[in-house]
Amino acid sequence: VVSSTPISYCLNAVSDALTAQGTSGNTLNWYTVPSGGTASQTAPVPATNVIGDVSYYVSQANASGCESIRSEIIVSTRGIPAAPFIVADPNNTLQPGQTATVRTTASAGNSFAWYRDGVLLNGQTGNSVVVDIDKLGTYTMTLTTADGCSSTSNSVVISGVERKKLFVYPNPSTGKFQVRYYSDVNNLSPRRLNIYD
């Protein structure tokens with residue numbers, strides 16, 4: 001009997017019925033013990049509600065009732081990591097020209113995936129992301145262990161600060177600069193900017 005082992009799941013994941021490949025015309029017999037016990041022709045669906053390894057066994061029988069030795073299939077259930085915590089440094093409100101760093105203290109050896117407003121940030125796989133005024137939004141991070149089990153962090157909202165000022169930066173400039181002005185959504189009055197050399 002040919003089968004894949006071990007098979008890994010994360011805690012409480014939805015599992016599939018076990019599979020094995022026998023010789024054409026033979027019947028697969030499934031067991032929960034290496035010898036003795038009662039055979040079932042229905043492949044078991046592993047439980048994933050307890051962390052640890054569970055062994056299942058499968059054999060094949062031909063039309064004459066002769067049965068092969070049993071092959072072991074190990075199903076491993078791995079724990080889900082604790083939800084990581086993220087925080088914005090130095091704070092979670094920005095004005096033009098400022099940045100904040102959203103970081104986690106989760107340990108090395110895990111992999112990180114960062115999201116802004118639920119959208120994956122491609123290439124951001126470190127333990128922090130730098131946010132400026134163009135990247136405001138709600139940030140979360142998914143941590144995945146070496147076992148492939150994941151958990152998602154708390155949310156951190158990076159927002160803009162209302163200022164009754166006009167921002168022009170960098171200053172001094174080499175000819176390229178940004179102009180920013182905060183306007184409330186209810187204030188639709190036009191603004192005019194005059195630029196002099």
Side-chain angles (χ1 to χ4, degrees), residues 1-63 65-88 92 101-129 131 137-158:
V1 179
V2 179
S3 59
S4 297
T5 187
I7 300 170
S8 295
Y9 287 102
C10 297
L11 187 66
N12 295 322
V14 176
S15 61
D16 298 318
L18 297 179
T19 60
Q21 182 65 51
T23 303
S24 178
N26 290 349
T27 301
L28 294 179
N29 292 323
W30 294 93
Y31 299 89
T32 57
V33 290
S35 62
T38 302
S40 171
Q41 278 72 54
T42 302
V45 177
T48 62
N49 61 334
V50 177
I51 296 174
D53 295 344
V54 176
S55 291
Y56 298 85
Y57 303 87
V58 60
S59 67
Q60 59 180 332
N62 61 22
C66 296
E67 189 173 6
S68 70
I69 61 173
R70 300 176 189 182
S71 296
E72 181 182 22
I73 300 175
I74 300 173
V75 177
S76 298
T77 300
R78 305 302 186 201
I80 296 174
F85 183 75
I86 62 174
V87 64
N92 62 344
T101 300
V102 183
R103 67 177 78 251
T104 181
T105 56
S107 61
N110 300 304
S111 62
F112 307 110
W114 291 90
Y115 297 81
R116 184 177 76 225
D117 298 330
V119 178
L120 177 67
L121 298 176
N122 292 321
Q124 298 290 345
T125 57
N127 65 352
S128 64
V129 292
V131 181
T138 300
Y139 286 79
T140 57
M141 185 267 288
T142 296
L143 176 151
T144 302
T145 65
D147 290 329
C149 298
S150 302
S151 60
T152 301
S153 72
N154 56 304
S155 298
V156 168
V157 178
I158 306 295

(request) Begin with the C-alpha distance, continue with both residues' side-chain angles, and end with the deciding distance and a verdict on side-chain contact (heavy atoms from CB on, under 4.5 Å) for Val102 and Trp114. (result) CA-CA 10 Å; Val102 183; Trp114 291 90; 3.7 Å; yes
(request) For side-chain contact (heavy atoms from CB on, under 4.5 Å), just list the numbers for Asp53 and Arg78, CA-CA rounded to whole Å, side-chain angles, deciding distance to a tenth of an Å, and then say yes or no. (result) CA-CA 9 Å; Asp53 295 344; Arg78 305 302 186 201; 3.7 Å; yes
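Distance check, rounded to the nearest 0.5 Å: OG of Ser155 to CG of Asp117 gives 10.0 Å. With rounding to the nearest 0.5 angstrom, the CG atom of Asn12 is 6.0 Å from the CD1 atom of Ile80. In this structure, the separation between CG on Leu120 and OG1 on Thr140 is 9.5 Å, given to the nearest 0.5 Å. Taken to the nearest 0.5 Å, the CD1 atom of Ile158 stands 9.5 Å off from the OG1 atom of Thr101.
The two residues Phe112 and Ser107 have their closest heavy-atom pair at CZ-O, 3.9 Å. Considering all non-hydrogen atoms of both residues, Arg70 and Ser59 come closest at CG-CB, 4.0 Å. The minimum heavy-atom distance linking Leu11 with Val50 is given by the pair CD1-N, 3.9 Å. Tyr57 approaches Pro34 most closely through the heavy-atom pair CE1-N, 3.5 Å. The two atoms that bring Ala47 and Thr77 nearest to each other are O-OG1, 3.9 Å, heavy atoms only. Taking all atoms of both residues into account, the shortest heavy-atom contact from Thr48 to Ser15 is CG2-CB, 3.9 Å.
The shortest distance between side-chain heavy atoms of Ile86 and Arg103 does not fall below 4.5 Å. Two residues are said to be in side-chain contact when any heavy atoms from C-beta on lie closer than 4.5 Å; Tyr139 and Asn92 fail this criterion. When side chains are defined from C-beta on, Phe85 counts as touching Asn154, because their heavy atoms get closer than 4.5 Å. Residues Pro46 and Leu18 have side chains in contact (heavy-atom distance under 4.5 Å, counting atoms from C-beta outward).
Looking only at atom types and distance, the side chain of Asn127 has no donor-acceptor partner in the side chain of Thr104 under 3.5 Å away. Checked by atom type, the side-chain pair Gln41/Asn29 shows a donor-acceptor distance below 3.5 Å.
Thr142 places no side-chain N or O within donor-acceptor distance of the main-chain N or O of Ala113, the cut-off being under 3.5 Å. A donor-acceptor pair is defined here as one N or O able to donate and one able to accept, closer than 3.5 Å; such a pair exists between the side chain of Ser151 and the backbone of Pro81.
Among Val131, Val129, Thr138, Leu121, the one residue that satisfies the side-chain contact (heavy atoms from CB on, under 4.5 Å) test with Arg116 is Leu121.
Enclosure of atom CD in Glu72 by more than 12 non-hydrogen atoms of other residues, nucleotides or ligands within 6.0 angstrom is indicated.
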